[in-house]
2 protein chains.
Amino acid sequence: MTDIAILGRGPAGLSCAITSRLRGLNAVVIAPKHNTSWLARADRVDNYPGLKETSGADLLKAFEEQAAGMGVETLYGMVRQILPMDGGFMLLVENDVVEAKTIVFTTGASKPKLYPGEEALIGAGVSYCATCDGQFYRNKKIAVLSENDQGAEEAEFLLSIAAELTYYPLKKHEIPQNLSVVNERPVSLARTDGGIVLETDTAKRTYDGVFIFRMGLPLAMLLDGLQTQDGVIFVDRSMRTNIPGVFAAGDCTGKPHQVAKAVGEGNVAAISAAEYIQKG
Amino acid sequence: MTDIAILGRGPAGLSCAITSRLRGLNAVVIAPKHNTSWLARADRVDNYPGLKETSGADLLKAFEEQAAGMGVETLYGMVRQILPMDGGFMLLVENDVVEAKTIVFTTGASKPKLYPGEEALIGAGVSYCATCDGQFYRNKKIAVLSENDQGAEEAEFLLSIAAELTYYPLKKHEIPQNLSVVNERPVSLARTDGGIVLETDTAKRTYDGVFIFRMGLPLAMLLDGLQTQDGVIFVDRSMRTNIPGVFAAGDCTGKPHQVAKAVGEGNVAAISAAEYIQKG
């Protein structure tokens, strides 16, 4: 079992990983292959102490190299769900499973824009994980709303389970031939006695289940019971969330969205996680 | 009036100064000439992201140069007292007076070790500022307990006011000829009807007032009403103390004592101070 699983590869996540290693802990950073930290796109950062007038990309590269040099492991992929287990947590990461004693969210500020009605249906007809929830829709009618290839792959798996599957591409991407595609823009979701009604810009259709695949997941979906407000994770000064063993750092804990703040919080989260593990 | 007066020149103070400048604010860093940050004495820091395997002195130098390059002013001296005034605060800094809209404490972790009985007598016979309190002891009997040259200078000023002055050197330093020196080790302070009893390793003597000059001051003494616990300044996640316009960052806000944490908190304190000033 890994000591610390860090979700995100921006300044908070890498700072957390670096200090975890210094404290002698195993740390795995889980993030998409393409670094989605906004820092990668920052033209110039002038107020990160020690590295003046640096591009965001160079800053991130320095952090990544330092982390790699200290033995931080990276697992490329999106975390689909986190489940509590004996002595820690189980993370479903696309086709991998990671077990970790502690979790640190450093998932950044981006909050996925949900469809009207979506939030109320989470776990009640709307799902973000085919592996987790596919079984509930065996021989049922499924809609898949997907931004990317990843969603198309999940749709193919669901197709093998479902009675009927309709694929709504939300952004341009490669779509397998065997999927039945509807090129309409979804606008809202609602529950009726007959199932989940998906309204698009031109029609209304009813499904038993709707799977949505975006780059970001609503945080509360990843880990049941995680306290958030307006998409920001609640933490105390030690970067502890409301769930023991779960920490958060960086933009996902709120403003200001700054490299130095993210780096500092990542550092504190690592030390708090180390103390949590030590106490057993 | 300066926008932000920053007390301390370690990583938290310099990070705060750098971000203050980036936000277009005037920032003055007030600190002793000799940098007393523990970072200056750290042999090697491995977990400050971006600058790997750096000596503390080099890290501090990089921070200082960056701050200076951004137009951060430095005022060398010890802050003796902070008084609220219209639209901000007045800081007594040895022989200078600084007016600032906001204050950021980045005074580090060192907590002066007080004598038994000292805390209860603060403002009631025990003082840390000749300029502030000297007037109350005109033609009275004064003891000066001093670690350094600075205390000797203050004692000379008090000598011109007092009826009688005894100088107790606490550490080796240059002592002016005109001071009456007692080379005994103070052990405790207490109030009796006759005045303040100073007990040393060999005698007990009674004074009207006792002035103590150390490198560090009890924080609550610097600014009346500042909420502290065990010498740690109470702050929220925005680095606000209990006093509007007063912020704190770095080791003085508690553990972990880490460069990255201090830098991050300094950054957040600067942004919170900027918002406070903007709201007017």
Side-chain angles (χ1 to χ4, degrees), chain A residues 10-23 39 44-54 58-70 232 234-239 249-250 253-272 274-275, chain B residues 10-23 39 44-54 58-70 232 234-239 249-250 253-272 274-275:
Chain A
L14 292 166
S15 174
C16 180
I18 288 166
T19 291
S20 300
R21 292 297 301 146
L22 200 70
R23 293 291 293 250
L39 183 55
R44 209 175 99 171
V45 177
D46 281 351
N47 69 330
Y48 184 69
L51 291 170
K52 57 180 178 178
E53 298 168 20
T54 311
D58 284 348
L59 209 48
L60 206 49
K61 200 177 151 202
F63 297 169
E64 281 173 350
E65 285 175 0
Q66 188 171 351
M70 291 176 81
V232 167
F234 172 82
V235 286
D236 66 9
R237 292 247 311 128
S238 298
M239 311 320 294
T253 73
K255 290 187 177 179
H257 296 162
Q258 294 272 305
V259 183
K261 181 244 186 201
V263 160
E265 291 189 354
N267 171 270
V268 173
I271 288 168
S272 295
E275 283 170 3
Chain B
L14 293 165
S15 173
C16 180
I18 287 167
T19 291
S20 301
R21 291 298 299 146
L22 200 71
R23 294 289 292 248
L39 183 55
R44 209 174 100 171
V45 177
D46 281 351
N47 69 330
Y48 184 70
L51 293 170
K52 57 180 181 179
E53 298 169 19
T54 312
D58 283 347
L59 209 48
L60 206 48
K61 202 177 151 201
F63 296 169
E64 281 172 350
E65 285 176 359
Q66 187 170 351
M70 291 177 81
V232 167
F234 170 83
V235 286
D236 66 11
R237 291 248 310 131
S238 298
M239 310 319 294
T253 72
K255 288 186 178 181
H257 297 162
Q258 293 273 307
V259 183
K261 181 244 187 201
V263 160
E265 290 189 355
N267 170 269
V268 173
I271 287 168
S272 295
E275 282 170 4

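Proteins get letters first, then strands, A, B, ... in listed order; numbering begins at 1 in each. What you see is a predicted model; the values in this text were computed from it and never measured.
Residues B:Ser20 and B:Ala270 come closest through the heavy atom pair OG-CB, 3.6 Å. Closest approach of A:Arg44 and A:Glu53 over heavy atoms only: NH2-CG, 3.7 Å.
Remark: B:Phe63 pairs with B:Tyr48 by the ring pair (Phe, Tyr, Trp, His ring centres under 6.0 Å) rule, at least two apart or across chains. A:Asp58 meets the salt bridge (Lys or Arg N to Asp or Glu O under 4.0 Å) test with no other residue; sequence neighbours excluded. Contacts of B:Arg237 classified as salt bridge (Lys or Arg N to Asp or Glu O under 4.0 Å), with partners at least two apart in sequence or in another chain: A:Glu265.
Residue contact with chain A, scored on non-hydrogen atoms closer than 4.5 Å, involves the backbone and the side chain of B:Asn47 alike. Only the side chain of B:Leu22 comes within contact range of chain A, with heavy atoms under 4.5 Å apart. Neither the backbone nor the side chain of B:Ser272 comes within contact range of chain A, judged by heavy atoms closer than 4.5 Å. The parts of A:Thr253 that come within reach of chain B are both its backbone and its side chain, each placing non-hydrogen atoms under 4.5 angstrom from that chain.
Within residues 254-264 of chain B, the residues approaching chain A closer than 4.5 Å by heavy atoms are, in numerical order, B:Pro256, B:Gln258, B:Ala260, B:Lys261, B:Val263, B:Gly264.
Side-chain contact between A:Leu14 and A:Glu64 is present, with at least one heavy-atom pair separated by less than 4.5 Å.
In terms of heavy-atom pairs under 4.5 Å with chain B, the best-connected choice from A:Ile271, A:Thr54, A:Asp236, A:Leu59 is A:Ile271.
The CZ atom of A:Arg21 sits 12.5 Å away from atom SG of A:Cys16, with the distance rounded to the nearest 0.5 Å.
No option in B:Asn267, B:Thr19, B:Ile18 other than B:Ile18 meets the side-chain contact (heavy atoms from CB on, under 4.5 Å) test with A:Pro49.
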